[in-house]
Each structure stands twice: as structure tokens, then as C-alpha cells.
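Right, one structure below, let's go through it.
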Amino acid sequence: MATFVGSPCWVRLRSIGEITLAHPPFPRQSPPLRLRSIAVPLPRRGFSVSAASNGQVRVRFAPSPTGNLHVGGARTALFNYLFARSKGGKFVLRIEDTDLERSTKESEEAVLQDLSWLGLDWDEGPGIGGDYGPYRQSERNSLYKEHAQKLLESGHVYRCFCSNEELEKMKEIAKLKQLPPVYTGRWATATEEEVQEELAKGTPFTYRFRVPKEGSLKISDLIRGEVSWNLDTLGDFVIMRSNGQPVYNFCVTVDDATMAISHVIRAEEHLPNTLRQALIYKALGFSMPYFAHVSLILAPDRSKLSKRHGATSVGQFREMGYLPQAMVNYLALLGWGDGTENEFFTLKQLVEKFTIERVNKSGAIFDSTKLRWMNGQHLRAIPSEALTELIGQRWRNTGTLKDSDGPFVDEAVQLLKDGIDLITESDKVLTNLLAYPLHATLTSSEGKVVVEDKLPEVSASLIAAYDSGELVAALEEGHTGWQKWVKGFGKSLKRKGKSLFMPLRVLLTGKLHGPDMGASVLLLYKAGKYDVVAPEAGFITLDERFNMLKQIDWESLNQDQTLLEPAATLSN
């Protein structure tokens, strides 16, 4: 509900014919008007504009194709999508491309791709069509001109012939008087003769909307509650430029009305536009939609999230390896919650639980650490087969492995998945497994402790087990064979627990820490046996590792830091 309150505002109305829409009528639209040349006062105590409702929810997301889809825009699209799906309504996509200089086809395609990637499929719009098209503003100019002409004929709009210089002078005078920079109404009261004289001279003109000089507008925002504006802060505003192009607020009002949009869910930065749009709705006889203005997404320092804070577009996060289901989950939680401690939602669950009443009106902080954690949760929730296919294809595409499937890929994904939060991180964890940074480990302060625990003796026994084929035979048997061999090896050295497994880990993997050692060694053996690793991956096979162990001069290890330089070079 929107209510105007104030004193009468007299407007001159010329005789016009029946007003009809170029599209199916908007719900609860005022009946066609037949007006004669009379003066009509707006009510002294004010009038109301009721929100339209015919039982069907219709919402829209209307991006401008002038850049990438920002996460703030993606969240607005998501809230519209969830609201429509939860109410059994329609989600409409409209491209607002009236900024001809900045709008590009490439940007539009990128926005559509990002929305599709997020799973936010639209019911009407580009690529789909619908009963209320066309769905690009650049293709709706005739509709805007038609409604602008109706406003001109009804007296709600007049031609303004002011030059840019005159308008600038008005602003300067208003500034000196410490008044709002509003239009002073130079052509609002012009006679028909004055107008015709300028038209005869070919003077460029704009269409300006007559704004009541007193009163106020109040709306009941579904998120913010009651919001009001004083009309005297506005001044008569332009709806059509001198080049014939409509301005944003006029386009949006005509589009939302003729597309039968029932609820406008948009960012709070559009809240000031509501005043102009409400006046246009009333003047054209359209019923107003419900409004819901969503808070901005803020950076950790509570400033508006921008490029200086890092990645801000959906496309960037996709390239960084984020999953669409994780992005949707996280964006939904930026200003909304279901009232429980639960933070993990699928898109289907969000549709079931979403209500506009639970959207918070305060700004939401974008936490990249939280998003990364959430992505890891969703990654590990993917069914095993699908996750293996996803990561295996990644390893193949990045040139780490020769094949994207097979026993090695299956086991590697299962072993390494807990250390991956992003798909792109799978490259690093695999190459870390395949690398053998023995020299760096042995000469580190932590590695020195392991060396001093009779590591040369363990190394000699391990080399003997490998050369005899005993270790290889155990690895051929798989996990059971490995466990049996380790137990026997520990008994022969009278070692167990950390004193056994730490030196074995260092000697076999070249590292002090990592995933399960037995599974790691088995994978290293299979990688060499099946020749699945690409040459560029820097893989050090078990044969190469044992050859390097045999070359170590343990006595001079700590004195000569260059002793194992070939090993370091290989691992790098």
C-alpha cells in the first residue's frame, strides 16, 4: 500500500480517447478513462495506491548488461527466485539495456550464463519468451513512447525546453539558497502558444512529470516497514530525454506494470526511486506492486563490497573453483535465515523454507572464509561417483594426469577430498602427494629430530625390504598387505607408533605430515605401475625415491646442505 497525503494539486487535462495497454491488463487496473478539458484536483486528504494482487505472484530480476553479475545482484536474483518458487509464482528475467553506450551483448550473455550456472532458471525472458515480451528494454521503446504520450495528453507530463545551461544555473541558485536542487518549473505553466513557438523552432525538449508541491508518500515495505518521503524534495523530473530515450524510472514503472509484476524485490539503493515510480503508477492508472528492498552486501570493514575487497562477481568465484550450490547456499544466508542453527541448504530446501518476512533489513557482511568453508561442506556432500568424475576431469584438464578415471583416480579422490575446499585445490593436493621434498624435510628443524632418532638405520632396513621385493609384494596385495608388512617391519626394528611411522613417512613420502601414509604409499606405487601421471606433474616414482635414499651420506647430511640438491630439484 502506498499513500499520498497533501493539499490539492491542480493539473490541466486534455481530451483523450480510451486508454488501453499493449499487453494483457494488469490486475486491478483502473478502468479506461474518457476525459474532457477540465481541471481535476487530487484529493485534499490524500489518496492511496493499492498493491496489485490477483492470486499469482510474479517477480522479476532486471540486470543491466554493463558488466559482470555482482554477488549482490546474484543474491537479489536468488531472493526473487526463492520467493516465486515458494509461492508457486513466476520468475521473470528482464534485461535493462537502455544504457546503449555501456551495454554489451557479451555482458548480457555472461549474466545469463551465471544465472544458469547458479540454477536460477527463469520462466519468462531472453531465450524463453513469454506473453509479456519483449524482455529487453531496448526492444520496448514504442511502449514507452505510447505511455509517455498518454501522460502528456492527460497533463501529468509537459514539454520542457530548458537548455543544459539553464538547468545548471537553477542548481547553482538552489545551492546558494541551501535548497534541494529541484527543477523550478519554468515550462510547467507555459501557454500552448509558447510551446508551439519552440516546437516550430525545433528546440530540443524533454518530457517532465508534474510533481505535487506539497504532501508526502508512504509505502509499506515488506522488509523495512513504513517508509515515507516529502514530495517537495523532488521537483518535476524527466521521464523522456531530448533524444527520445526514456529514463530509468519511467522504463521500470511501465515494464513492471505491463508485465504484471506483483512484487518488486530489489536492492535498497533503489529505495529512493520508489517515489518517482509511485507517482508514475498513479498517473497511468496502474496498481502498484508490493515493494521489498534488500540490504546491501558489505565488506568486512562494513563498506560497500567492491573490487578492492577481492572477487565480487559470480564469474570470478566460478573460475576460482566454487560450486554453484555453495554460492547459492551462502548468498541465501546473507540477510536471511530459517530461524534455526542450520546453515546447510540445498536449493530445493531453500525454496521450501524461504519467507520474505525473515529477510533482515540490516547490511550483511560478505565473509570469504565462511564461503570457502561452506564450499568444502558442499564439495564433500557430493555423491562419491560424481565427485570422482568432477575432480578426475579437473586433473586431466590441468595436465596432471593422463586419464580422468580409473582405480588411481578413484582412490586418490577418496584419500585427498578432506583436504580440498575448492575444486581448484585438488591440483595442489595431488602434486603434493606426488612430490618428494626429502632434502628440505631432512634439513628442517623438525626433520632433524627424526634424523637423530636413528633414521639411517631405518632407511637401511627399508632399502633392503624394497630391494628384496618384500615391500613391493606387500604393496601388490593392497591395504591388507601393507598393514601386515608394516607390523612385521616394526617388530624387526623394535619400533611402533610414532617412532615407526614418522621415519617411514619421511623416507617414503619425503614429508613430515600428510594424509594416511599407507594409502599414500599405495597410491604412489600404483601411479608408477600404471603410468597415469603426466610428465609435467613432477612425479617421483618409488624406484627414484629409493635410488635417492641410497645416495644419502647421513654423516655429512647436516654439514653439507647441498648434498641432496638433485632431490630438491626433482621435487620442485
Side-chain angles (χ1 to χ4, degrees), residues 22-24 26 52 56-100 102-141 143-144 246 248-267 269-270 273 277 289-294 313-315 317-318 324-325 327-328 331-332 347-348 350-351 354 356:
H23 299 276
F26 191 67
Q56 183 185 46
V57 166
R58 288 178 58 82
V59 299
R60 50 74 165 176
F61 177 58
S64 297
T66 55
N68 298 320
L69 180 61
H70 189 275
V71 292
R75 185 191 58 170
T76 299
L78 174 61
F79 283 0
N80 275 279
Y81 175 89
L82 295 177
F83 185 78
R85 293 291 178 264
S86 66
K87 299 292 185 181
K90 299 293 185 181
F91 176 52
V92 180
L93 179 62
R94 184 175 72 227
I95 304 299
E96 297 188 343
D97 58 350
T98 51
D99 187 342
L100 302 179
R102 298 173 58 218
S103 296
T104 66
K105 193 65 178 176
E106 293 76 16
S107 179
E108 178 184 322
E109 291 173 354
V111 169
L112 299 185
Q113 181 183 17
D114 287 343
L115 290 172
S116 297
W117 179 72
L118 290 171
L120 306 183
D121 53 298
W122 50 97
D123 301 300
E124 301 173 23
I128 295 178
D131 295 334
Y132 296 84
Y135 292 92
R136 293 183 182 86
Q137 284 187 339
S138 59
E139 299 170 4
R140 298 171 64 84
N141 275 334
L143 188 65
Y144 306 137
Y248 170 79
N249 282 299
F250 184 57
C251 293
V252 168
T253 306
V254 172
D255 288 342
D256 286 342
T258 57
M259 288 183 176
I261 299 302
S262 65
H263 295 74
V264 174
I265 304 172
R266 58 188 181 185
E269 57 193 355
H270 289 291
N273 294 325
Q277 292 167 17
Y290 292 99
F291 287 100
H293 289 89
V294 183
S313 73
V314 171
F317 285 106
R318 183 178 69 248
Q325 55 267 44
M327 285 298 301
V328 164
L331 289 175
L347 185 56
K348 181 180 179 182
L350 288 170
V351 169
F354 183 83
I356 198 71

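When side chains are defined from C-beta on, L93 does not count as touching Y135, because their heavy atoms never get closer than 4.5 Å. For the pair W122/L112, a side-chain contact is recorded, criterion being any heavy-atom separation below 4.5 Å from C-beta on. Side-chain contact between L78 and L347 is present, with heavy atoms from C-beta onward closer than 4.5 Å.
Scanning both residues, P246 and N141, for their nearest heavy atoms gives CD-OD1, 3.8 Å. Closest non-hydrogen pair, V328 versus L118, comes out as CG2-O, 3.4 Å. Between P65 and S107, the shortest heavy-atom contact is C-OG, 3.1 Å. Taking all atoms of both residues into account, the shortest heavy-atom contact from V254 to T258 is O-OG1, 2.7 Å. Closest approach of G89 to D123, counting heavy atoms only: O-OD2, 4.0 Å.
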Derivation and outcome, side chain to side chain contact (heavy atoms under 4.5 Å, CB included), residues F61 and L120: CA-CA 11 Å; F61 177 58; L120 306 183; over 6 Å; no
Stepwise side chain to side chain contact (heavy atoms under 4.5 Å, CB included) test for T98 and Y248: CA-CA 8 Å; T98 51; Y248 170 79; 5.9 Å; no
message: Does V252 form a side chain to side chain contact (heavy atoms under 4.5 Å, CB included) with R60? I'd like the steps, not just the answer.
response: CA-CA 11 Å; V252 168; R60 50 74 165 176; 3.6 Å; yes
- prompt: Could you go step by step and tell me if L350 and Y81 meet the side chain to side chain contact (heavy atoms under 4.5 Å, CB included) rule?
  reply: CA-CA 10 Å; L350 288 170; Y81 175 89; over 6 Å; no
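In this structure, NE2 in H70 is found 10.0 Å from CZ in R75, a value given to the nearest 0.5 Å. Of the inter-residue distances, the one linking K87 atom NZ with H263 atom NE2 reads 7.5 Å to the nearest 0.5 angstrom.
Aromatic ring centres of H270 and F291: separated by at least 6.0 Å.
Aromatic ring orientation, F79 versus F354: tilted (interplanar angle from 30° to 60°).
Between D121 and R85 there is a salt bridge, with a side-chain nitrogen of the basic residue lying less than 4.0 Å from a carboxylate oxygen of the acidic one. Ion pairing between a basic and an acidic side chain is recognised when a charged N comes within 4.0 Å of a carboxylate O; D97 and R140 show no such pairing. Using a cut-off of 4.0 Å between Lys/Arg side-chain N and Asp/Glu carboxylate O, D256 and R94 are scored as salt-bridged.
Judged purely by atom type and a 3.5 angstrom limit, R58 uses its side chain to pair as donor or acceptor with the backbone of M259.
With hydrogens and angles left out, the side-chain atoms of D255 and Y132 include no donor and acceptor closer than 3.5 Å.
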